[in-house]
Amino acid sequence: MSELPKAYEPTEVEKSWYQAWLDAKCFEADPASGKPPYSIVIPPPNVTGILHLGHVLNNTIQDILARRARQKGCEVLWLPGTDHAGIATQTKVERQLRDEEGQTRRDIGREAFLEKVWEWKEKHGGIIIKQLKRLGCSCDWSKERFTMDADYSKWVAKVFADLFNDGLVYRGKRMVNWCPVSLTALSDEEVIPKKQNSKLYYMKYELVEEPGVFLEVATTRPETLMGDVAVAVNPKDERYGKYVGKMVKRPFPHTEIPVVADDHVDPEFGTGALKITPAHDKADFEIGMRNDLEIIDVFHPDASVNCPEVPELDGLDRFVARKKAVTMLEEMGLLIKVEEHENNVGFSERADVAIEPRISMQWFLKYPATEETAKAVADGDISYRPARWAKTHANWMDGIQDWCVSRQLWWGHRIPVWYRKEKVEALQEAESLTLNDLSAGDLHVSADPPSDPENWVQDGDVLDTWFSSWLWPFATMQNLDEDSDLVKKFYPTTDLVTGPDIIFFWVARMIMAGFRFKGEIPFKNVFFTSIIRDKNGDKMSKSRGNSPDPIDLMEKYGADGLRFGLMRTAPIGADLRYDEVQVEEGRNFANKIYNACRFRRMAGTDSRANFSPAACETLRPYHLDILAKCDELAETLEDAYGDYRFNEVGQQLYDFLWGEFCDKFLEAVKGDLREEASEAQRDTTLGVFDVVMARYLHLLHPYMPHITEELSVRMGYIQEGQFLMQKELPKTTLLESVDAVVIKRGCEQAAAVYESAAKLRNLKAEYRLAARKDVRFVAKSGPDWLEAEADILALLVGSEGVTRDEGYLPEQGTPGAVTAAGELFMPLDGLIDVEAEKARLDKEIEKIQKEVGKSKGKLGNEKFVANAKPEVVAVERERLAEWEVKLTQLHEMRSGLS
RNA sequence: GCGGGAUUAGCUCAGUUGGUAGAGCGACUCGUUUACACCGAGUAUGUCGGCGGUUCGAGUCCGUCAUCCCGUACCA
């Protein structure tokens, strides 16, 4: 009967449609178009990364927005690309180098190493792009960018030079977050504080002037003792005031250090005296500056001890050295006690090791355009959704610190600074040399290398990856030296979709860059997605192994199923707990749509998508009802899209198709497709089916692009060679120019029939007659139209018939239901277990009496009647009346049994 | 410490001007009639975290407490 297989098989369909869209260049944005622009730039994934569920959610949302915008008549640019991901990528290549060749990057040198990274990028790069294609993403791949493209890199260098010329970029020796594994400085944002169960060591320093008298200090880091240059106490602390200015003995290497006063010290904590190690603690560094103290660095860059004066510790790892230092103190009789102590320790985001506060020469940026940026978000020129993230943004902007932008890596944008060659030796020797020591002529800061390169040496560091990402919205659209059509048409972009975890890393910085370099906001709306967690609420991660491979899911359930399953459940503004059943539901849903269409084709493969409801004389209530519901759906979706309520869009699409179209409409009109049905009935029903389904597929398309495209063609709703994805949504409703009174009447009748059907099915089930088809119903009263719809009602209920009989006198105990389609009875013919039935009725009566009591109490309340909206009171009255009728009926039935 | 969020059916979550508490999954009972068992019909299940307040009426507004998450700043 039908050539279609029983179950929908998405895989091949999805792949072939994606290829067809690509071949027809459906995704390519035309800057010359007269249509209004709509644009998104993709948050560039790591070039060598692979797709995880977070990407799926994020990019599905973007695809939905892009496809919806096309349907609304916009010229859409969804600009894709990848990020070079400095540390992440370099780490991977270094690991490979170590595992396969037993070498470090320094062994093979900068040039050879970079060659290897590019090789790695060529080999592993772009996997994620393929995966995004599998998901159905409608990015304009002809404009794909990479943060290390030559044109893009020019932007990065120019921006650096501009900011340098503004005086916002500076070089200096500062306390930075140092990663002892990656051997580079990190920004504050790349440091993750973690609670640690540490120990607090109490120890004592002897006063030089008063032998035998000790000053007690508490520390969590005894291994930095060699770098101690003072002990600080609070000037208001009466216990210690007398010691300020005196000297104490540092045990090893043995020396005398002063006691200083500083407000920073909390008298309540520990002993109230703090050992000062300016080289290894941010607060100590500041105290050191205030008190003009020496800085003694006792670590190597890898955080092993660098202190030849204390051979016991020299060369040891910092944590090994900690234990050893404690033992030494104990042996010297200087250790007093050890307490358990919980504190926060910063960890490197990438390498996941404790970062080491370390003084080093780095490049810093004072953020530009901070005021405009804070204001744009606070005032809503850029709207954050959910709005509460605006507050997080504001908090961060408030306490903003200069950004350490240099990284001691090789993979990335090299800092565009050159030093005059003859000065370089000095620079290398004396790490303390600052720019102040170089005259203007010795320094070249520019996007272009010096014209006489042989006389210059370029700075060895590269820039933080985010220093290139923050230019993404415009550096992808426009080369430095040309004003492209793309940027004119599509910039500023419309929406940005990303995770809230990178507000600081990326979003806020892009706004600053937008203001500084383009003079305006880079995007109008920012939608923050849910963070996906597993069933237990744990974050998904590779190490936990709780992150399913989206590709496997797509092979099993289809890309459409995966997309829909996630979108329907992803809450707005809260974390998403992922469970595979969601995806399974998505797959089942696709199958449901497919089968509805398959059913339709059994009645003929000719399309009736041109059917006009307004011109049809034979529309029945069910037709009007489903047409009206489809129009309502379109309207509801419009509202939900307007507020970015994607889960509601999904839920509405689901409920309409499954609950309204299949469960109600299709069941009600099935009879029209039987052989014995009239031509007119058949034509009308097929017409309504096609018109509604065509519109529905159109509305569903952004969520499930492949199956909707497939079915639209198969069902003949669009011409071969045309694409649903390029078709604009009609502005007319399906019931355009149909009389509103007719629509209303039809919908009411349909609702009455559906409601009655449900109630009668309940009756059957209650009396354990659900499977019996020979049950008959009698309508003692009912609306005029009841007889015309009686057969359909009977069909829906699974009954032999519903007959109208005004003179019907039910035997006592005959169950019935009062519905909008009349007072309906189900004669039992004495087939019921009397005792069981009595018990059931008693229970029922009790329940309803309770409801009646509640309702009466409410209506008896004068204030309720006076204050509540009239329609609310009316509803309550109707409800009470219904309960009372039902109650009377039940009482009659009960007495009929005894 | 400060800021944000969460707490609704066994599970995952909806519930947008305060007006009889909903869906999906799972459980249970029926059922393969011209689509679909990736299905249909039905049943059961909730002092909406606790306490107080505003109101005729609170899951919804206010206060407070509890538990749990997430940011962020710190005391070494």
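Chain A is the first sequence line, chain B the second, and so forth, proteins listed ahead of strands; every chain is numbered from 1. FYI, side chains are in, hydrogens and waters are out, and symmetry mates aren't considered; it's all heavy atoms of this structure. All figures in this text were calculated on a predicted structure; none of them were measured in a lab.
- What separates CZ of A:Arg568 from C1' of B:C25 is a distance of 10 Å, to the nearest Å.
- Aromatic ring orientation, A:Phe504 versus A:Trp396: parallel (interplanar angle below 30°, classes split at 30° and 60°).
- Residue-level contact check: A:Asp663 touches the backbone only, with heavy atoms under 4.0 Å from sugar-phosphate atoms and none from bases.
- Contact check, A:Trp658 against B:G40: a side-chain N or O comes under 4.0 Å of OP1 or OP2.
- With a 3.5 Å ceiling on both atom-pair distances, the Watson-Crick or G-U wobble partner of B:G42 is B:C28.
- Within the 4.0 Å cut-off from OP1 or OP2 of B:U12, at least one side-chain nitrogen or oxygen of A:Arg577 is found.
- Side-chain contact, A:Glu710 with A:Tyr594: no donor N or O sits under 3.5 Å from an acceptor N or O.
- Aromatic ring centres of A:Phe528 and A:Tyr384: separated by under 6.0 Å.
- Rounded to whole Å, atom C1' of B:A14 lies 16 Å from atom CG of A:Asp643.
- One finds no side-chain N or O of A:Asn395 lying less than 4.0 angstrom from the OP1 or OP2 phosphate oxygen of B:G4.
- Taking side-chain N and O atoms only, A:Lys592 has a distance below 4.0 Å to OP1 or OP2 of B:G40.
- For A:Asp266 and B:C75, the CG to P distance is 10 Å, given to the nearest whole Å.
- OP1 or OP2 of B:U43 has at least one side-chain nitrogen or oxygen of A:Asn762 nearer than 4.0 Å.
- Phosphate contact (OP1/OP2 of B:G4, side-chain N/O of A:Lys391, threshold under 4.0 Å): present.
- Put simply, CD on A:Gln401 is 11 Å from C1' on B:A73, counting in whole angstrom units.
- For A:Arg761, a side-chain nitrogen or oxygen approaches OP1 or OP2 of B:G42 to under 4.0 Å.
- The base of B:C36 does not come close enough to the side chain of A:Arg598 for any donor and acceptor atom to sit less than 3.5 Å apart.
- Taking atom CG of A:Leu566 as the reference point, atom P of B:C13 lies 13 Å away to the nearest angstrom.
- Residue-to-nucleotide contacts include a donor-acceptor pair under 3.5 Å from the side chain of A:Glu667 to the base of B:A35.
- When both pairing distances are held under 3.5 Å, B:G71 makes a Watson-Crick or G-U pair with B:C2.
- Summarising the geometry, the separation between NZ on A:Lys556 and P on B:C38 is reported as 13 Å, rounded to the nearest angstrom.
- In this structure, A:Arg587 atom CZ and B:A37 atom C1' are separated by 11 Å, rounded to whole Å.
- With both ends at atom P, the span from B:C75 to B:C70 equals 22 Å, rounded to whole Å.
- Ring geometry, A:Phe661 versus A:Phe665: the interplanar angle falls from 30° to 60°, so the pair is classed tilted.
- Side-chain atoms of A:Tyr202 and A:Glu339 form a donor-acceptor pair, as typed in the model, at a separation below 3.5 Å.
- The side chain of A:His341 contributes an N or O atom lying less than 4.0 Å from OP1 or OP2 of B:A76.
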